[in-house]
Number of protein chains: 2
Amino acid sequence: MAKRVTLAEVAARAGVSPITVSRALRRPDTVQAETRARIDAAVAELGYVPDPAARALATGRADVIGVLIPSVTNAVFTDVLSGIYDGLADSRFDVQYAITRYDPGTEEKLIGVFLRQRPAGLIISGIDQTDAARRLLDRASCPVVQVMETGPDPVDMMVGFSHHDAAAAATRHLIDRGYRRPGFLGARMDPRTQRRFAGFRAEAEAGGVFDLDRVETTEVPSSVGGGAELLRALLGRHPETDAVFCNNDDLALGALFEAMRMGIPVPGQLGICGFNDLEMMRAAEPSLTSVRTNRFEMGARAVEMIRARLDGRDPGPAILDLKAEILARRSTDGPTGNRPVET
Amino acid sequence: MAKRVTLAEVAARAGVSPITVSRALRRPDTVQAETRARIDAAVAELGYVPDPAARALATGRADVIGVLIPSVTNAVFTDVLSGIYDGLADSRFDVQYAITRYDPGTEEKLIGVFLRQRPAGLIISGIDQTDAARRLLDRASCPVVQVMETGPDPVDMMVGFSHHDAAAAATRHLIDRGYRRPGFLGARMDPRTQRRFAGFRAEAEAGGVFDLDRVETTEVPSSVGGGAELLRALLGRHPETDAVFCNNDDLALGALFEAMRMGIPVPGQLGICGFNDLEMMRAAEPSLTSVRTNRFEMGARAVEMIRARLDGRDPGPAILDLKAEILARRSTDGPTGNRPVET
DNA sequence: TTGTACGCGTTATCAA
DNA sequence: TTGATAACGCGTACAA
C-alpha cells in the first residue's frame, strides 16, 4: 500500500518549510523561481499529491463542483455531464455528482449532503425543487446554476431553454408542414415533460388542431419500445392522427418502427417529431425531425459561469437562454410527402 | 450560509464529551442507551451531519468507492454505473467517478488521484491498464474490481465476460443461420473492440467464411451515422457480403437504416447482429439480434464484492464471469428469411 | 520571499 | 461505559 507522501517530506527534501511548498503548488508566482524549481523536483521525485481531505478541512471548502441529475442512463443528462467535464478539464476542481431518480425529496436530501461539504459550486437540473430545497440553495455560500431549463425565478444562475416554447415551435412546425390532426406521445410525465405538453397544447389550440383525445401518455420512463406501444395505442383509438409530437427521441424512434410494422408511410401518412436531437435522429430512415437542445453547451456554460464567479470575473446574464432549434428532417415532410427539406 | 454544526456542539448540548458522540454515531451499541438517547436528540435538534473531510483526515481513509470509466456518453458504461449506484444505496459509501476518455495515460493518472484519497474500493473498466497503473493497483490498500471484461490475470477481483468468446458466439450464430459471407463493422477499435474482432475472426476462420477484405473499421467513436457509413463502404467494395457483425448496437442500428436506404432486405439479403443489446434492439423493425451483456449486474456485483471484502465476508470467486448471451431476433433470421425465431 | 503558530472536525489510543 | 490527549495534513494569519 502506497505510503503517503506529505508536504513535510517534500519540504525536507527541498530544504524549505512546508508552507513554502504549499505556496509553490498553489501560487507558483509567489515563490522564487529557484526555490520553486527545487520544490518541483522534490514533488516529482517523491510523487507527492495533495490530500484533498486535509485541504478541505483546513480551508473549510472543497474544490468540488456538485452536480445533481435525475438519471445517469438518460443520454440527455450525460451529455450535460460531458460538457461539465470538458469545462472543468485543466482546473483544480473535481466533479461530484449524485442521482435524484427524478424524486424531489431525494434531490432535497442530496442538496444538503453536498452543501455540507462546502462545494465550490453546484449544478442542478431543472427548476422543480421543493420549497425546502429552494431555501437551502438560497442560503448556499457557493454559486448555483440550474441547467436544462429556464424559468422566471433563478436561485442564482440558469442556463437552459424554455421547454414550453420549444415544444410549441415543434408543434408549429408540424402545422406548417400541413399536418392537421397531430397527437402527443409522452412518457414519465414529470414536470418538465408537462411543460412540453403545455407548449404542444397551446400551439395546437392556437392552430385549431388540438384534440385532448389524441394525447397518449404513460408514467413509466421513456424507451423505444414504449414509443412503439404509445403509437399503437393512439392509432388504435384515433387512426385519423396524421402526426405525433414525441416527448423525446426514444419515443420518436419507437413510433417510427411501429409505423413501419403497421405499414404506415412516414411522413406521408404520419409525421413524426422527436425532442432532443440525439445523434441517431439524423441517421434514421427516414431521417427524424427533432428539437436540438444544446446539452453539451449547457454543461460547459454552467461551469464557465461558476468559474467566472469564483474568479471574480463577470459570469454574464443570470439567465442564459440557449434557444432550442427545430431540425426539420424528412419525417415531417408533410402529408403529401413531397416537400423539400434541409438535411 | 449554513453554519457548520460540530461534534463539540452536539456534545455540549448532550452533556457528554465529543468522543462519546462520535462513538454513539458510529457504534451505537458501545454507549449506554440513555446517553445515546440524549445524543440522538441533540443531533436531531442541531441538525448535525459529520464532516466527511475531517473524518477522512482522522481515519486515513474515505468512505468512497472510486469508479473509472472511459466515457459518460456511452450507454454501456452508464448502465454499469447505474448498477453500482443501486448496490451502494443504503450504504455509507459515496461513489466518485472519473472519466479516462479511453486513454490509458489518463487512467493511470486518475488511479493515482483516487488512491491518494484512500478510497474504500476501486472499480475500473477493463483489463488494459498500463504497467505503471497496474503497479499502483497492485499496491492499493483497498479492494479493486475490474469490470466489463474477464481475463487471466486480475489485479484483485473481476466481473465481466470474454469479449472474444461473445463475439465468436455471435459469429457462430450468423454462420448457423446460413450466412456465408459475413463482414465486420467496427469503430474506435480500442483493445476491447480488437478482442471482439479477434473472436469474430477466429470463429469465421473456423467456419471457413472469413475474408479480411470484408472488415470495415474506423478509429472514430461509434455512432448510428457511423454504422451507416461503414455499411455503405463495405457493400461498395463487397456487395456479396450477406451479414455484418457490428462492434456495437449503434453501428447495427445505423447499418439497418442504411440497408433500408439502399433497398436491401434485412435479414433476407443482409443479416445484422449488434453487441450489448441496448433496449432499442428489441423494438426495432425488424428486431435486431444482439449480444446481451449484463452491464447493470456487473456494477451491482462489483459493489457487492467490495462490500463483502470490507465486511470480512466471502466475496466469492475472484473472477466472476457473467456470460454474455446471444439474443437472436429477426435481423438474423437467415438469408432465406423464413427461419422462425424467439422474440 | 519565507517561516512560525495555530486551528480545521474528527478519530485512535490509552487511561479512568 | 466514558473521557483526555494527541494526532491526521494542510492552509490562514501574522511575523520576520
Side-chain angles (χ1 to χ4, degrees), chain A residues 1-40 42-43 46-64 92 113 115-120 141, chain B residues 1-40 42-43 46-64 92 113 115-120 141:
Chain A
M1 107 180 188
K3 231 186 262 135
R4 158 175 273 132
V5 179
T6 70
L7 262 192
E9 300 176 51
V10 176
R13 182 114 156 123
V16 296
S17 80
I19 187 64
T20 303
V21 177
S22 172
R23 270 195 283 254
L25 262 30
R26 286 174 304 142
R27 316 194 36 210
D29 51 304
T30 63
V31 2
Q32 219 159 19
E34 195 205 344
T35 315
R36 200 170 56 217
R38 283 212 315 282
I39 291 174
D40 288 346
V43 165
L46 268 37
Y48 170 78
V49 181
D51 179 335
R55 176 172 284 177
L57 186 57
T59 59
R61 61 195 153 71
D63 282 344
V64 162
R92 68 176 188 284
V113 171
L115 289 182
R116 203 115 328 254
Q117 304 182 42
R118 312 220 173 197
S141 54
Chain B
M1 110 178 187
K3 232 188 263 132
R4 158 174 273 132
V5 180
T6 71
L7 215 44
E9 299 174 54
V10 176
R13 182 109 154 128
V16 295
S17 79
I19 187 64
T20 302
V21 177
S22 173
R23 270 196 283 255
L25 262 29
R26 286 173 303 145
R27 314 195 35 210
D29 51 304
T30 62
V31 351
Q32 222 160 15
E34 194 207 344
T35 316
R36 199 171 57 218
R38 285 212 314 282
I39 291 173
D40 288 346
V43 165
L46 267 37
Y48 169 77
V49 180
D51 179 335
R55 176 171 284 178
L57 185 57
T59 59
R61 62 197 153 70
D63 283 343
V64 162
R92 69 176 188 283
V113 171
L115 289 182
R116 195 82 12 227
Q117 305 183 40
R118 310 221 173 197
S141 53

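This structure is a prediction, so every number in the text was calculated from the model and none was measured. Chain naming here is simple, since letters A, B, ... match the order of the sequence lines and numbering starts at 1 in each.
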Residue pairs involving residues 8-27 of chain B (criterion salt bridge (Lys or Arg N to Asp or Glu O under 4.0 Å); sequence neighbours excluded):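 Residue pairs passing salt bridge (Lys or Arg N to Asp or Glu O under 4.0 Å), neighbours aside: Arg13(B)-Glu45(B).
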
Separation of atom [atom1] in [X] from atom [atom2] in [N], rounded to whole Å:
X	N	atom1	atom2	answer
Arg118(B)	dG9(D)	CZ	C1'	11 Å
Arg27(B)	dT1(D)	CZ	C1'	13 Å
Arg38(A)	dT2(C)	CZ	C1'	11 Å
Gln117(B)	dG9(D)	CD	C1'	14 Å
Asp29(B)	dT2(D)	CG	P	12 Å
Leu57(A)	dA7(D)	CG	P	17 Å

Test your reading of the model: is there a side-chain donor-acceptor pair from Arg38(B) to the backbone of Ala14(B), 3.5 Å cut-off?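 Pair found, side chain donor or acceptor close to backbone of Ala14(B).
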
Using every non-hydrogen atom in the two residues, find where Val10(A) and Ile39(A) come nearest and quote the distance to one decimal.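 Heavy atoms of Val10(A) and Ile39(A) come nearest at CG1-O, 4.3 Å.
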
Looking at dT2(C), I'd like to know if its phosphate oxygens (OP1 or OP2) sit under 4.0 Å from a side-chain N or O belonging to Thr20(A).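 Answer no for this pair, as no side-chain N or O of Thr20(A) is under 4.0 Å from OP1 or OP2.
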
Is the shortest side-chain N/O distance from Thr35(B) to OP1 or OP2 of dT2(D) below 4.0 Å?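 Checking dT2(D) against Thr35(B), a side-chain N or O does come within under 4.0 Å of OP1 or OP2.
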
Roughly how far, to the nearest 0.5 Å, is OG1 of Thr20(A) from CG of Leu25(A)?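 If I round to the nearest 0.5 Å, the distance is 11.5 Å.
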
Side chains of residues 53-61 of chain A: which donor-acceptor pairs under 3.5 Å do they make with residues two or more places apart or in other chains?
from	atom 1	to	atom 2	distance (Å)
Thr59(A)	OG1	Arg55(A)	O	2.8
Thr59(A)	OG1	Arg61(A)	N	3.2
Thr59(A)	OG1	Arg61(A)	O	2.8

In B/S/- notation, 5' to 3', how is nucleotides 10-16 of chain D contacted by protein heavy atoms closer than 4.0 Å? BSB----

Taking the side chain as every heavy atom from C-beta outward, state whether Asp63(B) and Pro52(B) have any pair of such atoms under 4.5 Å apart.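 They are not in contact (no side-chain heavy atoms under 4.5 Å apart), so the answer is no.
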
